[in-house]
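The residues of the chain are indexed from 1 along the displayed sequence. One-based numbering, in listed order, for ligands and for the atoms of each.
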Amino acid sequence: MLQAKLEALRDEAKLKLAAINDLKAVNALRVEMLGKKGPITEVLKGMRDLSNEERPKVGAFANVIRDEITELIEMRKEALERAAIQAQLVSEEIDVTLPGRTPKRGTRHILTQISEEIEDIFLGMGYQVVEGYEVESDEYNFERMNLPKDHPARDMQDTFYITDEILLRTHTSPVQARTMEQHDFSKGPLRMISPGRVYRRDTDDATHSHQFHQIEGLVVDKNISMSDLKGTLALLIQKMFGAERKIRLRPSYFPFTEPSVEVDVSCFKCGGKGCNVCKWTGWIEILGAGMVHPRVLEMSGIDATQYSGFAFGIGQERIAMLRYGINDIRGFYLNDLRFLAQFK
Ligand code: FA5
């Protein structure tokens, strides 16, 4: 009788376990079935009434059943734990074969690209790249460039003054004086370019800005002549624009060069017929140049009877505009990505 009861308990445990789906309920069932107040303990208590002969047999059987129930509970527990881990693995699954998210890459500003391209051309010709100061003294920006205080040509390069003597440079030309006074000619000729930002009190329009970029160039040695300047500029323009664009050299005036020229390139928009971009002239001025004025050489401690040189100042924005057909200079400074991202 007791045996049948024990077997019924085991079957009941089996059925209940099959319906259980969480670990808490498994533990509750263990307490319910095997605890002190559980049915097994109850059955064992009933053994008092059995004969001496039957008691050990029923006792042994009860132990077997208890072990079986314990085992059933353990098995269910393990199965549930395994299922939980499996579910976690599935939920946390990462597909390592999915393509990654590429970070958005920026590009160098078009003016930086132009500057580097011009630097490369001149580095290839043995020039060194020199940095100047954007905040300059009146002395280097004007006086040492042969523009004394009362010189009328100062009007063309009015600028932002910090004090009467300190200003935002109007051109990269002061770097000429700064490098000439430092150069040791016993080590060879002076050949440098210097890119950088410059400032003027110019009214902004399609081709002018109050803040823009130039690249200065300077060569000083014995026997430097105008033909060296022409050859160098022709090579630069050919490399930057290709052979189809026409160029012209116009006599001009700069206080720091004698003779002076201005170099124009045929307009990218109208091809030379005349339009609003080239102010109906067919040409866009891109640089000023000339033979370094003997007084400029002398002021930097160079003997002008022995040495001569040429210099040029290129407008970087103008180069970029001609190259890419940009018809408004303000595009360079507005930080509109739709504009800037075109130049990769
Ligand atoms: C000068 O600034 C001289 N220092 C250049 C020079 C150097 C001549 C060495 C001789 C020897 P200019 O003012 O013309 O010259 O300016 C040079 C170039 O800068 C111009 O050809 C033009 O391309 C550019 N530029 C001038 N003003 C502006 C402006 N407001 N906005 C954009 N580009 C400008």
> Listed by chain and number, what are the ring pair (Phe, Tyr, Trp, His ring centres under 6.0 Å) partners of Y307, not counting sequence neighbours?
Replying inline: F185

> Is Q214 close to Q316 at the side-chain level, that is, under 4.5 Å between some pair of heavy atoms?
Replying inline: no

Cut-off 3.5 Å, no hydrogens considered: what does the side-chain donor-acceptor table look like for residues 31-48, sequence neighbours left out?
{"residue": "E32", "atom": "OE2", "partner": "K16", "partner atom": "NZ", "Å": "2.8"}
{"residue": "T41", "atom": "OG1", "partner": "G35", "partner atom": "O", "Å": "2.8"}
{"residue": "R48", "atom": "NE", "partner": "K45", "partner atom": "O", "Å": "3.4"}

>> Going by side chain to side chain contact (heavy atoms under 4.5 Å, CB included), E136 matches just one of I166, L167, I162. Which one?
In response: L167

>> Closer than 3.5 angstrom, by distance alone: can the side chain of Y333 be matched with the main-chain N or O of Q211 as a donor-acceptor pair?
In response: yes

>> Holding to side chain to side chain contact (heavy atoms under 4.5 Å, CB included), I want the full list of residues that pass it with D120, two or more places apart in sequence or in another chain.
In response: L123

For ligand 1, find each of its N or O atoms that sits under 3.5 Å from a protein N or O atom, and tabulate the pairs with distances to one decimal place.
{"residue": "ligand 1", "atom": "2 (O)", "partner": "R200", "partner atom": "NH2", "Å": "2.7"}
{"residue": "ligand 1", "atom": "2 (O)", "partner": "Q214", "partner atom": "NE2", "Å": "3.1"}
{"residue": "ligand 1", "atom": "4 (N)", "partner": "H171", "partner atom": "ND1", "Å": "2.8"}
{"residue": "ligand 1", "atom": "4 (N)", "partner": "S173", "partner atom": "OG", "Å": "2.9"}
{"residue": "ligand 1", "atom": "13 (O)", "partner": "R200", "partner atom": "NH1", "Å": "2.7"}
{"residue": "ligand 1", "atom": "13 (O)", "partner": "R200", "partner atom": "NH2", "Å": "3.0"}
{"residue": "ligand 1", "atom": "14 (O)", "partner": "E285", "partner atom": "OE2", "Å": "3.3"}
{"residue": "ligand 1", "atom": "16 (O)", "partner": "Q214", "partner atom": "NE2", "Å": "3.4"}
{"residue": "ligand 1", "atom": "19 (O)", "partner": "Q214", "partner atom": "NE2", "Å": "3.3"}
{"residue": "ligand 1", "atom": "21 (O)", "partner": "E285", "partner atom": "OE2", "Å": "2.8"}
{"residue": "ligand 1", "atom": "21 (O)", "partner": "I286", "partner atom": "O", "Å": "3.4"}
{"residue": "ligand 1", "atom": "21 (O)", "partner": "L287", "partner atom": "N", "Å": "3.3"}
{"residue": "ligand 1", "atom": "23 (O)", "partner": "I286", "partner atom": "O", "Å": "3.2"}
{"residue": "ligand 1", "atom": "23 (O)", "partner": "R318", "partner atom": "NH1", "Å": "3.4"}
{"residue": "ligand 1", "atom": "30 (N)", "partner": "D202", "partner atom": "OD2", "Å": "2.7"}
{"residue": "ligand 1", "atom": "30 (N)", "partner": "S209", "partner atom": "N", "Å": "3.4"}
{"residue": "ligand 1", "atom": "30 (N)", "partner": "S209", "partner atom": "O", "Å": "2.9"}
{"residue": "ligand 1", "atom": "31 (N)", "partner": "S209", "partner atom": "N", "Å": "3.0"}

